[in-house]
2 protein chains.
Amino acid sequence: MFYILYMHQTNVKNVDLNLLKALDALLETESVSKAAVLVNLSQPAMSRALNRLQHALKDPLLVRSGRGMVLTPRAEALRAPVREALAQVSSVFTPKVFDPAKAQDHFRIMAPDYLAQTLLPPVLGQLVNLAPGVQIDIENLSASGVQQMCEGHISLGFGVVNDGPVLENVASQALFQDRQVCLMRKGHPLAAKTLSLEDYAGATHALLSITGKGGGRIDDILNEHGLKRTIALRVAHFMTISAVIAPTDLIITVPEMLAAQVMTEDLELVAPPKELGMPHFSVSQIWHQRFTKDPAHQWLRRMIKSACLVQS
Amino acid sequence: MFYILYMHQTNVKNVDLNLLKALDALLETESVSKAAVLVNLSQPAMSRALNRLQHALKDPLLVRSGRGMVLTPRAEALRAPVREALAQVSSVFTPKVFDPAKAQDHFRIMAPDYLAQTLLPPVLGQLVNLAPGVQIDIENLSASGVQQMCEGHISLGFGVVNDGPVLENVASQALFQDRQVCLMRKGHPLAAKTLSLEDYAGATHALLSITGKGGGRIDDILNEHGLKRTIALRVAHFMTISAVIAPTDLIITVPEMLAAQVMTEDLELVAPPKELGMPHFSVSQIWHQRFTKDPAHQWLRRMIKSACLVQS
DNA sequence: ATAAAACATGCATTGGATGAATGCAAAGGG
DNA sequence: CCCTTTGCATTCATCCAATGCATGTTTTAT
């Protein structure tokens with residue numbers, strides 16, 4: 001099979017394919033000078049193009065007949081194939097307009113589970129209505145998923161660009177702003193007053209971490225104040241937060257939107273100490289560069305961005 | 001329709017179609033240097049071809065990913081269309097092999113009526129067996145037919161190239177040799193002895209002529225000998241020869257093959273005077289230049305030539 | 001840290017396509 | 001018959017865009 005393909009390529013290897021344009025014009029007009037006008041060449045240039053075609057095709061194609069020319073049978077037989085070839089070539093160079101209603105694209109989307117289960121469902125409900133043929137797989141953020149993102153195997157991801165692993169060859173677009181907040185059980189001793197840095201450091205912490213890392217920035221700041229916190233528990237899935245925080249004295253620092261998802265009447269939300277200096281951060285959609293100009297991908301990104309504007 | 005076609009052409013008007021070859025190689029190898037090898041360019045030249053393709057297609061096509069490249073979705077979608085376009089282009093530049101058994105060609109053949117009714121039927125019987133889909137129209141030689149031959153509307157003709165009207169833009173191939181002979185009624189006074197030039201000139205002549213002209217060469221030679229013949233009758237169709245010669249003293253000078261077709265026991269065949277210096281002449285098949293390289297036409301010509309070799 | 005792999009870019013070269021001018025042939029008209 | 005017009009082919013000079021060599025940059029592997 002590969003060999004056949006190779007032979008196929010060899011066949012036009014030494015052929016100037018731009019001659020196709022001249023050939024089409026010659027077949028249509030049966031005249032050198034008229035064809036020249038049609039493709040914006042001078043008559044002598046078209047005469048020479050005909051000469052080159054005659055050699056390439058080993059056929060006179062157009063034969064002198066008095067003042068004009070007449071097509072050979074080979075030339076006449078070539079009308080349709082040449083036109084079809086040019087149509088094929090033209091379609092290669094003509095960008096296709098993306099039509100969601102007819103699209104059959106398949107997207108793999110990777111998101112932190114709290115976004116996967118909160119932000120995306122309403123967006124996707126809308127997508128399903130507009131683009132019924134489009135298939136979307138949602139996958140939870142994972143360490144191997146981040147690698148696949150960098151290799152271009154994941155269509156779209158969500159996360160904080162400046163936090164977490166360094167992402168290569170990707171582009172991103174901010175969707176909405178978020179901030180870190182502290183969650184603790186209702187009636188926790190620290191819940192009734194403004195949380196100080198010493199109290200924060202002295203508390204026993206749970207950490208939400210997918211990759212087994214994270215939180216280093218908070219610990220750096222505590223270090224700068226000569227403080228150190230104890231991380232007693234690492235949680236990999238946001239749904240377990242309520243179960244481990246509500247019945248204990250553990251506190252956990254998470255994005256506010258995540259906190260909103262796990263909030264129960266057994267939990268209390270407290271602002272973190274101002275000394276931590278934690279600014280708002282952007283949650284972005286992130287994708288590999290190869291998808292930047294893809295019309296389908298662009299459409300999906302626009303949909304998601306719009307949905308975030310509505311919600312925020 | 002024409003307007004649509006024109007727009008279609010404009011679409012690739014400014015596109016270097018030779019980029020198609022580079023594009024196919026890039027899509028296949030997903031590598032600039034490998035594609036370069038495949039199409040016999042240097043790596044920098046292929047890199048620049050990719051650059052031009054990126055602009056033509058407004059898509060990165062291949063995106064850096066570490067040491068290598070990865071295809072954009074647009075590029076992946078282009079694999080099949082590019083291959084198909086190149087297949088179409090290749091078929092344009094690949095001569096088709098003529099297969100008689102499958103051919104559906106239509107030939108218009110023009111011949112003097114004595115050849116049409118004598119030489120061609122056995123040939124055509126064979127053609128019908130070998131190429132059942134081929135359609136052949138036989139037309140008698142006519143003045144307007146000669147004009148159509150020169151304009152390329154007649155596929156093939158038969159005649160004597162150096163005799164008769166001047167034919168433009170045609171090619172020819174000798175089929176067999178013939179000579180002129182005299183036909184006269186049985187018992188004609190000139191039939192019993194060797195025909196002298198004076199006797200030939202003194203006889204009353206009939207002339208076989210399709211165009212109303214002809215025989216001028218014989219009259220020129222008689223002139224050189226101070227002689228002149230009387231042409232009492234012009235006959236346009238060879239089938240009438242017997243009817244006008246047998247019951248009269250008219251004589252007629254015709255090709256030997258024609259004489260063989262009209263010969264009856266009421267006629268006598270006599271050699272013309274040697275002083276007329278009439279050599280053998282070639283009967284040829286004649287065709288317009290535009291058909292010279294046509295495979296179907298070449299096949300037909302070969303068949304007819306072969307049949308003539310067998311018969312002579 | 002160094003070497004290898006792979007693509008991108010700078011620079012000089014050149015071959016082939018091009019148009020203006022001209023030649024040649026056929027047809028049309030006076 | 002002669003002149004004009006039409007239409008393609010060829011000569012000649014020009015030029016420009018594609019090309020390869022050399023080099024730069026980046027990423028990966030050892």
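What you are looking at is a predicted structure, and each value in this text was computed from that prediction instead of being measured. Per chain, numbering begins at 1; letters A, B, ... match sequence-line order.
With rounding to whole Å, L62(A) atom CG is found 9 Å from dA9(D) atom P. Atom CG of L61(A) is separated from atom C1' of dA9(D) by 16 Å (rounded to the nearest Å). Taking atom CZ of residue R52(A) and atom C1' of nucleotide dA9(D), one finds them 15 Å apart after rounding to whole Å. Following rounding to the nearest Å, D16(A) (CG) and dA18(D) (P) show an atom-to-atom distance of 12 Å. Here the C1' atom of nucleotide dA17(C) and the NZ atom of K21(A) are 13 Å apart, to the nearest Å. Distance H55(B) NE2 to dA8(C) C1': 14 Å, rounded to the nearest Å. Rounded to an integer number of Å, the gap from R64(A) CZ to dC24(C) C1' is 8 Å. Atom pair E30(B):CD and dA6(C):P shows a separation of 14 Å (rounding to whole Å applied).
Both M46(B) and M46(A) lie near DNA chain C, and the one whose nearest nucleotide falls closer to the 5' end is M46(B).
Using a 4.5 Å heavy-atom threshold, the side chains of L62(B) and T72(B) count as separate. Side-chain contact between D137(A) and I109(A): absent, with no pair of heavy atoms (C-beta onward) separated by less than 4.5 Å.
Using a 4.0 Å cut-off between charged nitrogen and carboxylate oxygen, E28(B) and K21(B) do not count as a salt-bridge pair.
Among dA8(C), dT10(D), dT18(C), the nucleotide with an atom closest to any side-chain atom of L41(A) is dT18(C). With dA9(D), dA8(C), dT19(D) as the choices, the nucleotide that has an atom nearest any side-chain atom of M69(B) turns out to be dA8(C).
Among the protein residues, S33(B) comes within range of the sugar-phosphate backbone only, with heavy atoms under 4.0 Å from sugar or phosphate atoms but none that close to a base. Residue S42(A) is classed as a base contact, given a heavy-atom separation below 4.0 Å to a base.
One can find a donor-acceptor pair under 3.5 Å joining the base of dG20(D) and the side-chain atoms of R48(B). Not a single donor-acceptor pair, N or O on each side, falls under 3.5 Å between the base of dA6(C) and the side chain of Q43(B).
For the 3.5 Å distance criterion, the side chains of T292(A) and W287(A) qualify, holding a donor opposite an acceptor. Q285(B) and Q173(B) form a side-chain donor-acceptor contact under 3.5 Å, judged by distance and modelled atom types alone.
Here S31(A) reaches the OP1 or OP2 of dC8(D): one of its side-chain N or O atoms lies under 4.0 Å away.
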